[in-house]
Amino acid sequence: MRSLLFVPGDSERKLEKGFASAADVVIVDLEDSVALANKQAARRIAADFIAAHRGNTQAAVYVRVNDLQSGLTDEDLAALVPVRLDGVMLPKSGGGQDVQQLSAKLRVHEAEAGLPDGGIKILPIVTETAGAVLAAASYAGASARLAGLTWGAEDLSAAIGAQAARDGSGRYTDVFRLARALTLLAASSADVAAVDTVYPDFRDATGFAAECAEAERDGFTAKMAIHPDQVPVINAAFTPSREAVERSAAVVAAFAAAGDPGVVSIDGRMFDRPHLRLAERLLARARAAGVYSPQGPE
């Protein structure tokens, strides 16, 4: 996955736009974008829409449920699991134990709906409280359902009393850079996708493109979007270029031809095992994006 688009669960019009987008994942939101008084209606609207329109999108369909402390999670799952979700986004996750708790709930709901055990993935937001940031390392080995880790600045800002998450130049301040870095490191430790957070100003195309490029440079493999217009920018930024695919394929081929040694030389430059691992990761991303096959770039 490269692009994950949030869509309010209580708006059929916005759900239609989301399903028609080129997003790899559509996240139907039952949490922040839905008022408390409208939660029950949002569950019904979202479930009916997904059931009726699932065949109209190539995207995986996730639902952001309400957090485990809200008392609303079970109602969300009861309404949405039967429509065969691909995944659940867990907000305000406090650590690996919350993923395990959600996994246990999903197992019950999957059984009641006659669905395969373990089929629904989990994508937690891991930085929305101070304690959650400090527990980022706890996700490794927490659950086979874990599809990735992502982060957010807005709830963390409120939790710690920060007046802003970015400075006057638009860069994240130290606390939020730390949260971002810990998400990336925790995802690597858990061997799952690292998903960068949203860019709130969807009208700032230049700033958004720059942030996508920086995220991809740093090791994130996907980014969340709040507007369909952001999706093509994300997909372009997180799809490996033809040149990068060719370089990576050459590294992998050189190691294979040399009998998988510790180091190889390509055009006078030495490449060791970390270079091989990086090349393999890039080719896996390219294959998932449909721009590479073992026969070469497409």
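Just so you know, these numbers use all the heavy atoms, side chains as well, and skip hydrogens, waters and symmetry mates. Numbering of residues begins at 1 and proceeds along the displayed sequence.
For Ser93 and Tyr139, the side-chain atoms include at least one donor-acceptor pair closer than 3.5 Å. For the residue pair Thr239/Arg2, the side-chain donor-acceptor check at 3.5 Å is satisfied. Counted by atom type alone, Asn66 and Thr73 present zero donor-acceptor pairs between their side chains at under 3.5 Å.
The closest side-chain heavy-atom distance from Ser248 to Val245 is not below 4.5 Å. Considering only heavy atoms from C-beta on, Val133 stays 4.5 Å or farther from Glu128 through its side chain. Contact check for Asp24 versus Asn235: side-chain heavy atoms found under the 4.5 Å cut-off. Looking at Pro200 and Glu154, their side chains come closer than 4.5 Å, going by heavy atoms from C-beta outward. Contact annotation: the side chain of Pro240 never approaches that of Tyr292 to less than 4.5 Å [non-hydrogen atoms, C-beta and beyond]. Counting only heavy atoms from C-beta outward, the side chains of Val63 and Asp76 never approach each other to under 4.5 Å. For the pair Val195 and Leu149, the minimum side-chain heavy-atom distance is 4.5 Å or more. At a threshold of 4.5 Å between non-hydrogen side-chain atoms, the residues Val26 and Tyr62 do not count as touching.
At least one donor-acceptor pair closer than 3.5 Å links the side chain of Ser138 to the backbone N or O of Ala135. Proximity of a side-chain donor or acceptor of Lys223 to a complementary backbone N or O of Thr197 within less than 3.5 Å is detected. The backbone N or O of Ser241 sits nowhere less than 3.5 Å from a side-chain atom of Glu246 that would complete a donor-acceptor pair. Remark: side-chain polar atoms of Asp260 are not paired, donor with acceptor, to backbone N or O of Ala256 under 3.5 angstrom. A donor-acceptor pair is defined here as one N or O able to donate and one able to accept, closer than 3.5 Å; no such pair exists between the side chain of Ser157 and the backbone of Ala165. Of the possible polar contacts, none joining the Ser103 side chain to the Gln100 backbone as a donor-acceptor pair under 3.5 Å is found. Between the Thr127 side chain and the Ala179 main chain, no donor and acceptor come within less than 3.5 Å of each other. A donor-acceptor distance shorter than 3.5 angstrom exists from the side chain of Arg273 to the backbone of Pro261, with no hydrogens or angles considered. Distance alone, capped at 3.5 Å, is enough to place a donor-acceptor pair between the His275 side chain and the Asp272 backbone. In this structure a side-chain-to-backbone donor-acceptor pair under 3.5 Å is missing from Ser189 to Leu185.
Here the closest heavy-atom approach between residue Ala23 and residue Val231 is recorded as N-CG1, 3.4 Å. The minimum heavy-atom distance between Thr173 and Ala164, with the atom names listed, is OG1-O, 4.3 Å. Of all heavy-atom pairs between Ser21 and Leu5, the closest is OG-CD2, 3.6 Å. The two residues Ala254 and Val264 make their nearest non-hydrogen contact at O-CG1, 3.9 Å. Heavy-atom minimum distance, Ala244 versus Leu282: O-CD2, 3.7 Å. When every heavy atom of Val28 is checked against every heavy atom of Gly9, the shortest pair comes out as CG1-CA, 3.7 Å.
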### Task
Apply side chain to side chain contact (heavy atoms under 4.5 Å, CB included) to the pair Met89 and Phe6, showing each step before the final yes or no.
CA-CA 11 Å; Met89 171 170 277; Phe6 281 107; 3.6 Å; yes
### Task
For Phe220 and Leu184, run side chain to side chain contact (heavy atoms under 4.5 Å, CB included): C-alpha distance rounded to whole Å, both residues' side-chain angles, the deciding distance at 0.1 Å, then the answer.
CA-CA 7 Å; Phe220 287 94; Leu184 183 58; 4.0 Å; yes
### Task
Using the side chain to side chain contact (heavy atoms under 4.5 Å, CB included) rule, take Val25 and Ser3 through it: C-alpha gap first, then chi angles, then the decisive distance, then the call.
CA-CA 6 Å; Val25 178; Ser3 53; over 6 Å; no
### Message
Does Leu77 form a side chain to side chain contact (heavy atoms under 4.5 Å, CB included) with Val108? I'd like the steps, not just the answer.
### Response
CA-CA 10 Å; Leu77 296 176; Val108 172; over 6 Å; no
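Atom CD1 of Ile45 is separated from atom CG of Asp10 by 6.0 Å, given to the nearest 0.5 angstrom. Note: Leu15 CG to Thr57 OG1 = 11.0 Å, rounded to the nearest 0.5 Å. Here the CD1-CH2 distance, from Ile125 to Trp151, works out to 11.5 Å after rounding to the nearest 0.5 Å. Atom CG in Leu156 sits 7.5 Å away from atom OG1 in Thr129 (nearest 0.5 Å). Distance check, rounded to the nearest 0.5 Å: CZ of Arg203 to CG of Asp229 gives 10.5 Å. A distance of 12.5 Å separates CD of Gln101 from OG of Ser143, quoted to the nearest 0.5 Å.
Put simply, Phe271 and Leu276 are part of the same group of oily side chains (I, L, V, M, F, W, Y) that touch within less than 4.5 Å, one to the next. Val34 and Leu72 sit in two unconnected hydrophobic clusters of ILVMFWY residues. Membership requires side-chain heavy atoms under 4.5 Å apart, directly or through other members. Hydrophobic cluster membership differs between Ile27 and Leu80, with clusters built from Ile, Leu, Val, Met, Phe, Trp and Tyr side chains linked at under 4.5 angstrom. In this structure, Phe202 is not a member of the same hydrophobic cluster as Tyr199, with clusters built from ILVMFWY side-chain heavy atoms closer than 4.5 Å. Two different hydrophobic clusters hold Val126 and Leu134 under the rule that ILVMFWY side chains link at heavy-atom gaps under 4.5 Å.
Within a 6.0 Å radius of CD in Gln58, no more than 12 heavy atoms belonging to other residues, nucleotides or ligands are found. In the displayed structure, Asp117 atom CG is contacted under 6.0 Å by more than 12 heavy atoms of other residues, nucleotides or ligands. In Glu280, the CD atom is crowded: over 12 heavy atoms of neighbouring residues, nucleotides or ligands sit closer than 6.0 Å. In Arg287, the CZ atom is crowded: over 12 heavy atoms of neighbouring residues, nucleotides or ligands sit closer than 6.0 Å.
When each of Arg217, Arg166, Arg171, Arg180 is paired with Glu211, the salt bridge (charged side-chain N to carboxylate O under 4.0 Å, His left out) condition holds for Arg166 and for no other. For the salt bridge (charged side-chain N to carboxylate O under 4.0 Å, His left out) test with Asp29, the passing option among Arg43, Lys14, Arg64, Lys39 is Arg64; the others fail.
Ion pairing between Glu110 and Arg145 holds under the 4.0 Å rule for side-chain N and carboxylate O. Remark: Arg177 does not engage Asp167 in a salt bridge, criterion side-chain N to carboxylate O under 4.0 Å. Salt bridge status for Asp86 with Arg54: present, with a side-chain N to carboxylate O gap under 4.0 Å. Between Glu216 and Arg285, at least one side-chain N (NZ, or NE/NH1/NH2) sits under 4.0 Å from a carboxylate O, which counts as a salt bridge. Salt bridge Arg247/Glu243: absent, no basic N to carboxylate O contact under 4.0 Å.
Checked against the 6.0 Å centroid threshold, Phe19 and Phe49 count as a close aromatic pair.
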